[in-house]
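Below is one structure, written out as structure tokens; comments come after it.
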Amino acid sequence: QVQLVESGGGVVQAGGSLRLSCAASGRTFSRYTMGWFRQAPGKEREFVAAIIWNGGTTNYADSVKGRFTISRDNAKNTVSLQMNNLKPEDAAVYYCAASMPPLGYGSTWTPTYRAHYDYWGQGTQVTVSS
């Protein structure tokens, strides 16, 4: 069982930056691929970024490549999302999620589908003013 708690959301002007954090409980955090998703009002929850257990492989949605960076600290059981050059279309509730890789796929498992994630946080709101 993994419990996830996001923080760091807020209101920022377009072009600004925010750093989201996700704190995880449990001793097995380092085994999970961690991901960030977001959901804007009236839209489906969409993939933003993912990182494998040791941080060696990352995956980003095209819409955030070059602006967002995902990282993790297994010693602190945390995963972060640094968001730069924010745009109004980045406004959404951001969710942290954990996915246990299938056996043998730990070094490449960065899924973009919600169904591949086992645990979810409650979300943190990001508002971008233009």
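Values in this document were obtained by computation on a predicted structure and should not be read as measured data.
In this pair, Tyr32 and Tyr119 present their aromatic rings perpendicular. The plane angle is above 60°, beyond the 30 to 60° band.
Contact check for Ile70 versus Val79: side-chain heavy atoms found under the 4.5 Å cut-off. Using a 4.5 Å heavy-atom threshold, the side chains of Glu6 and Tyr95 count as touching. Counting heavy atoms from C-beta on, the side chains of Met100 and Arg31 come closer than 4.5 Å. Looking at Leu18 and Leu86, their side chains come closer than 4.5 Å, going by heavy atoms from C-beta outward. Using a 4.5 Å heavy-atom threshold, the side chains of Thr28 and Val2 count as touching. Looking only at side-chain heavy atoms (C-beta outward), Met34 and Leu4 come within less than 4.5 Å of each other. Residues Val93 and Phe37 are not in side-chain contact: their nearest non-hydrogen atoms beyond the backbone lie 4.5 Å or more apart.
Taking the six-membered ring where the residue is Trp, the centroids of Phe47 and Tyr60 are separated by 6.0 Å or more.
Looking at residues two or more places apart in sequence or on another chain, you find a salt bridge (charged side-chain N to carboxylate O under 4.0 Å, His left out) between Glu46 and Arg38.
A single hydrophobic cluster is seen to contain both Phe29 and Leu81, as judged by linkage of ILVMFWY side chains at heavy-atom distances under 4.5 Å, directly or through other members.
Side-chain polar atoms of Ser17 and Asn84 form a donor-acceptor pair below 3.5 angstrom. In summary, the side chains of Ser99 and Trp109 do present a donor paired with an acceptor at a separation below 3.5 Å, with no hydrogens or angles considered.
Applying the disulfide (SG to SG under 2.5 Å) rule to pairs touching residues 68-130 yields Cys22-Cys96, sequence neighbours excluded.
With Arg67 as the partner, the side chain to side chain contact (heavy atoms under 4.5 Å, CB included) test is satisfied by one option alone out of Met83, Lys87, Gln82: Lys87. Applying the side chain to side chain contact (heavy atoms under 4.5 Å, CB included) test between Pro101 and each of Thr108, Thr33, Thr110 identifies Thr33 as the sole match.
For Thr57 (side chain) and Ser107 (main-chain N/O), a donor-acceptor pair under 3.5 Å exists by modelled atom type.
Summarising the geometry, atom OG belonging to Ser80 is positioned 4.0 Å from atom CZ belonging to Arg19; distances are rounded to the nearest 0.5 Å. To the nearest 0.5 angstrom, Asn54 atom CG is 10.0 Å from Ser30 atom OG.
Both the sub-6.0 Å distance and the 45° axial angle are satisfied by Arg45 relative to the ring of Trp120.
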Check residues 123-130 and write down every donor-acceptor pair under 3.5 Å in which the side-chain atom is one partner and the other belongs to a residue at least two apart or another chain.
residue: Thr124; atom: OG1; partner: Gly9; partner atom: N; Å: 3.1
residue: Gln125; atom: NE2; partner: Ala92; partner atom: O; Å: 3.4

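The two residues Asn74 and Trp53 have their closest heavy-atom pair at ND2-O, 2.8 Å.
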